[in-house]
Structure formats: C-alpha cells, structure tokens
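So the structure is just underneath, and the comments pick up after that.
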Amino acid sequence: MSSATTNGVALRDPARRREAFAGFWLITPALVVMVSMLALPMVALVVLSFWTQDGFTLDTTFTLDNYRRLFATSERGVAWMGMTFYLEYPVPAILMIKSLVMSLTATVAVVLMAYPMAYFLAFRVKRNKAVWIILLTIPFWTSYLLRVFSWKVVLGFNGAINSGLISLGIIDKPLEFLLYNPAAVMITLSHAWVTFVVLPIYVSLEKIDRSMLEAAADLGDSRWRRFRRITLPLSMPGTIAAALMVFIPTVGDYVTPQLVGGTGGTMIGSLVQQLFTKQNDAPMGAAVSLVMMLVIALLVLLFLTLVGYWKMRARRQG
Amino acid sequence: MRPLTIYAALFMAFIYGPVLLLVVFSLNDNTFATFPLKGFTLRHYVEMWSQAPMLAALGNSLRIGLGVTLLTTAIAIPAALALTRFRFPGKPAILGAMMLPLVIPSIVLAVSLLVIILKFLNIPLSLWTVAAGHVLICLPFCTSVLMSRMEGFDPSLEEASRDLGSPPWQTFRRVTLPLAMPGVISSLLLGFIISFDEFVIAFFLTGTDNTLPVYLYSQLRFPNRLPATLALGSLILVGSTLLVVIAEILRRRGVQSNNPGDL
C-alpha cells in the first residue's frame, strides 16, 4: 500500500515517469512470453478442468464433475500402506500422498547430504574454490534424463551392482529388490537434485560474518555451540529456500518414476501423463495437475508460516 | 585427513560415480552394461553414427537449441536491463513471476502448453511448439545470468556516457553491451544446454519429429541397443560439460571484473 502511494507520487515527476515508461518498454518482450506461454496456458488448463471428456468428444459445458470425482467419498474403503481411503476414485489421492512422502524424504536426504558439503566448501576450502564450485555446477546443467538413467545402469537386474557382486563371487544370482521401487526413486531423486542445494547453502554460509564466530570462540563457546547458536541459524534461510526449490518440482517429477520406479514407484506425474495420453481424459488430467499444484502451494505456505512463527517465538525468548 | 574432507570426496564420488559408469560401459567391448569389463573399444561410437534417426534427432536438437538460445537471450537482455537499471512500479512482482517456471513442475508446464496448443488454438504439434516451450523455461535462467553480470559492473560508466551526450541506444551499444558481454555469452551457452538436454516438455510437445533426448528415451527401452545409447549419452555428457565449464568461467570472470578487455 505504502509503496503504491510513493510510486504514485514519484510518477508525477516527469523524469521518473519517463524512466518507468522505458523500463516497461524494455521488459515488454519478456512479459509477452510470460503471459502467452505461462499465464494463458494456465488459464486454459483451469478452463479445461471444468470440461469433460466422453470418449473422443470433448464436452465444453461447465461442470465441477472432475473435482467432484476426485473428492467423492465411498462406503467401501481402499486400503493402502495401512491407511484406508473412503473414496470413489482413490488413485489420485493415494499417488498424491505417496509423491509428497517420497519427495519430502528425498528433500530431507538432499539437505542432510548437501549441508556438510556446503560447510566444507565455505569453511575448509581455501584454494581452488572456483574449481570445486564448477565441479558441483556441472551435474546440475547436464542431462537430467541421463543422470536418472545412470541409476538404472547401476541398480538394474543386469546392472553394475549386481554384475559386480556376482563377478566378485559375493552373490550368485542378481538381487531383484534394487530397482523398480520407491527407494530407487528416492535415491535417484536425491542424486539428481543434491548439487542444486549445495550452492544456495554455501552462499548463505559464506555470507556469515567470521568475526561473530571468533567472538564466540573468544568468549569460550565450544565448536558445537558456535555451530548451533551462530552458523546454523544464520544459514537457515538459504537452506529452507534450497529445500523448497527441490521439494516443489520433485513432487510432480515424471522422468524418475518412469525410468527407475516400476509399478511400485509411480508418482502423481505419471498419472497426469497417463490421463493426457493413454486414458484420453485430458480434463481429468488438468484437474489432477491443478489440485497437485494447489496442495503443494498450501503445504509450502503452511511450512513458511510455521517457520515465521518459530522465528518470532525464538526472538521473543531472546 | 579430516573427516569433512573425506566426506567431500565421498560426496563427489556419489555425484559423479553413476554418470562415469555410463562412460565406462560405453567404452567396454560388450553388448551388455555389466561387470567384469571385457576390454576397450570405440565400436559403439562408430555404430552410433550409422543410425539415421539419431542423426535426424541430433540435427533437430541443435537447430532448436540454437534458435531458442538466440531468441531467449535477445528477450532477456532488455529484461535484465529493465530489472537492474530502471525503477518502475510492479518490478518485484514481475521479477517473481519471471522466476516461476523454475519451481513449477515441468510436467504441469508441459500439459498446460499442450492444452492451449491443441484444444484452444488447434495448432499441430511440431518442433516449433517444442521450441516455444523451451523459450519459456530458458528465460528465467538467461535473465538471472544477465542480471548478475549487469549488477556486477559500475553503472557510473553508463552515467559518464550519458553525461557526455550519448543517446540511450549508443550508450547501450558502446558501453553496456560490451561490459555485459561475458554474461551474454554465458546466457547463450546455458540457454543452449537447457534446451538441448530438456526432455519432458519436448516429449509432450513434439509431433512426429524427435529431439535428441526424446530419441534417447525411446532407445532406453531396447536393451540390445544399450551400448550405442550409452555412447550417445556419453557424448552428450562430455559436450554439455565442456559448454558448462566455458559458461561458468566466463560468468565468474565477468562478475568480478569491470574491464571488457579481459574476455
């Protein structure tokens, strides 16, 4: 509100108005791309989710049927992993919960793996820091498809681990439990996203004022206490941001469950793809993807609110 | 050695191990990707080039990557300029919206584009629709690379040019653009790599023509073609690694220096 008023006042000044006009003019091509290829397609997805598909014909009368079907309850429950779903069409709900759990597990694993590496980079590496950073950047830019596929080569029935163990004489027939299950998906997701997280955590560790750590050491704080009271809290914002950058896109990941998940490791992204192709029910696919985004957004908001609340409480307690 | 150093070494082994295995098996004289290794060969690399669909897919990916990165960088340069040099209302909101494609799952971007293209505009799918989708996902990367470079050099150089009476276009062409050049080149390289390696959007938005990742994905289902697929994959990995290293060196040098002559 206040910024809008200051802008309003400032825009009465001709020089500021000319500057704002030039700025808008320069950013217009980018805005055209964002509106035509992000905003309008999202609107189209929302509109489609209120239509229905009947065989090969698309019925364009407005209806809430797709959403009703996603949330319709049923007398008969379907049991999955010790939970019972009293839903007419339980598949999306089950896959949604499964995807959230798998993605959350991978995110936690990624942060736990990346933090010590970022700490090493920020506090221990003195020479050739740029080389380390470039080495950590390369996997992030190189083909996601190939990095995921490499785990199929590692974990597969005829893969590196099985054939290696057999040729060493440790086992005599391939272990089948390595590939095509949720664990394989979570390992692969962690591997594919971990370097994405090291750099943001590293940046937040690097920004910490070293004199604070020295002061704490001079006042007799132990190394662990210095980490817990200074380093960890100050690196928290970067760590949380990085964790969200992994959690949000991995919930809807499609490549990983497809290549290493098998039937047991399918996720919500696989369902969206099937609804749009094999099952030929694009409107339902649209509804599922929108509900998925909504659930992710709500969870992220809830998490950020909790973080804000913890911070406030910590500050009040001094 | 200290425990943290050992951890860092293990971490790097975890990151690079599986990918290096692809390269090792592509050079192994065997039709399966299995241990024990039988001997060194380059025959998989030779066989690979005799596959016409692979060459066609490679050509498509190179063309799309080149076109996408040129167009995206051309859009991102003025956008980065606006976001770093000009004050205008709604700037934080626009910046936030531009970074959205980074966090939206790519399958959602892909199906939303698919819906508007097929159901609302009735445009047939082709390599053009793939390229359009790639412009969207490259834009946030190219813009942020360029912004970090433009924030990195002293705006007083541009002020001096304006004070000496240069019109805005001349200031841009003679001062801003040369200073931003390392960022422009790294934006061009990264945009190319993103488009060249992108799979999900290409998979949904392509018609009958394949891009290289879509072709590669279709080959992963045939175990007897695995070595040739591994050879192709290894070449892609080596190629993108080279481009990333060049882009990173340019970008890091660019961020630190004020001198356009250091290129």
Side-chain angles (χ1 to χ4, degrees), chain A residues 7 16 19-20 22-24 26-27 29-30 33-34 37-38 40-42 44-45 48 58 113 116-117 120 124 130 134-135 137-139 141-147 149-151 153-154 158 160 163-164 167 191 194-195 245 248-249 251-255 269 272-273 276 282 285-286 289 293, chain B residues 4-5 7-8 11-12 14-15 18-19 21-22 25 32-36 75-76 78-79 81-83 86-89 94 97-98 100-101 103 105-108 111-116 119-120 132 135-136 139 143 190 193 197 199-200 213 216-217 220 233 236-237 240-241 244-245 248 252:
Chain A
N7 272 331
R16 284 295 297 273
E19 186 186 337
F24 270 132
L26 286 169
I27 206 157
V33 171
M34 301 310 294
M37 294 176 50
L38 185 66
L40 289 179
M42 284 297 160
L45 199 66
L48 182 74
L58 187 64
M113 277 192 288
M117 185 66 214
F120 171 79
R124 295 290 152 76
I134 290 180
L135 276 176
T137 319
I138 291 167
W141 294 107
T142 48
S143 171
Y144 186 69
L145 185 66
L146 285 169
R147 279 181 292 138
F149 177 67
S150 69
W151 281 95
V153 171
V154 172
N158 284 316
S163 62
S167 68
H191 176 255
V194 71
T195 47
M245 291 287 274
I248 301 171
V251 175
D253 193 31
Y254 167 71
V255 177
V272 171
Q273 190 263 344
F276 270 93
S289 20
M293 294 225 298
Chain B
L4 211 51
T5 316
Y7 178 79
F11 184 90
M12 290 316 234
F14 172 68
I15 295 300
V19 185
L21 269 181
L22 288 188
F25 285 132
F32 303 103
T34 53
F35 285 120
I75 295 170
L81 210 59
L83 291 166
F86 293 83
R87 282 170 299 180
F88 53 92
I94 291 175
M98 281 187 68
L100 270 180
V103 285
S106 46
I107 193 161
V108 177
V111 296
S112 67
L113 283 165
L114 186 74
V115 166
I116 198 160
K119 314 253 169 192
F120 288 80
V135 170
L136 175 70
L139 193 57
T143 309
L190 293 179
I193 298 169
D197 280 340
F199 168 70
V200 176
L216 197 64
Y217 183 78
L220 297 181
I236 296 175
L237 288 172
S240 14
T241 303
V244 174
V245 171
E248 274 297 297
R252 321 200 106 252

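Chain letters run A, B, ... following the sequence lines, proteins first and then strands; every chain starts at 1. Keep in mind the model is a prediction, meaning the values are calculated, not measured.
- Contact annotation for B:I236: only side-chain heavy atoms (C-beta onward) come within less than 4.5 Å of a heavy atom of chain A.
- Both the backbone and the side chain of B:L113 come within less than 4.5 Å of a heavy atom of chain A.
- Proximity to chain A is limited to the side chain of B:F25, based on heavy atoms less than 4.5 angstrom apart.
- Comparing A:M245, A:M113, A:R147 by heavy-atom pairs within less than 4.5 Å of chain B, the highest count is held by A:M113.
- Proximity to chain A (any heavy atom under 4.5 Å) is restricted, for B:L139, to the side chain, taken from C-beta onward.
- For B:Y7, the part lying under 4.5 angstrom from a heavy atom of chain A is the side chain only.
- The choice from B:L136, B:L237, B:L216, B:I94 that makes the most heavy-atom pairs within less than 4.5 Å of chain A is B:L136.
- Contact annotation for A:L58: only side-chain heavy atoms (C-beta onward) come within less than 4.5 Å of a heavy atom of chain B.
- The choice from B:V108, B:V19, B:L81 that makes the most heavy-atom pairs within less than 4.5 Å of chain A is B:V108.
- For the options B:V115, B:L114, B:L4, heavy-atom pairs under 4.5 Å to chain A are most numerous at B:L4.
- For B:V200, the part sitting under 4.5 Å from any heavy atom of chain A is the side chain, from C-beta outward, and nothing else.
- Interface residue A:A282: only side-chain heavy atoms are found under 4.5 Å from chain B.
- Contacts with chain B were tallied for A:G164, A:S143, A:S167; A:S143 has the most, counting heavy-atom pairs under 4.5 Å.
- Looking at B:A8, the atoms closer than 4.5 Å to chain A (heavy atoms on both sides) sit in the backbone and in the side chain alike.
- Taking all atoms of both residues into account, the shortest heavy-atom contact from B:I15 to A:H191 is O-NE2, 2.9 Å.
- Chain A forms the most heavy-atom pairs under 4.5 Å with one residue out of B:A132, B:P213, B:P105, and that residue is B:P105.
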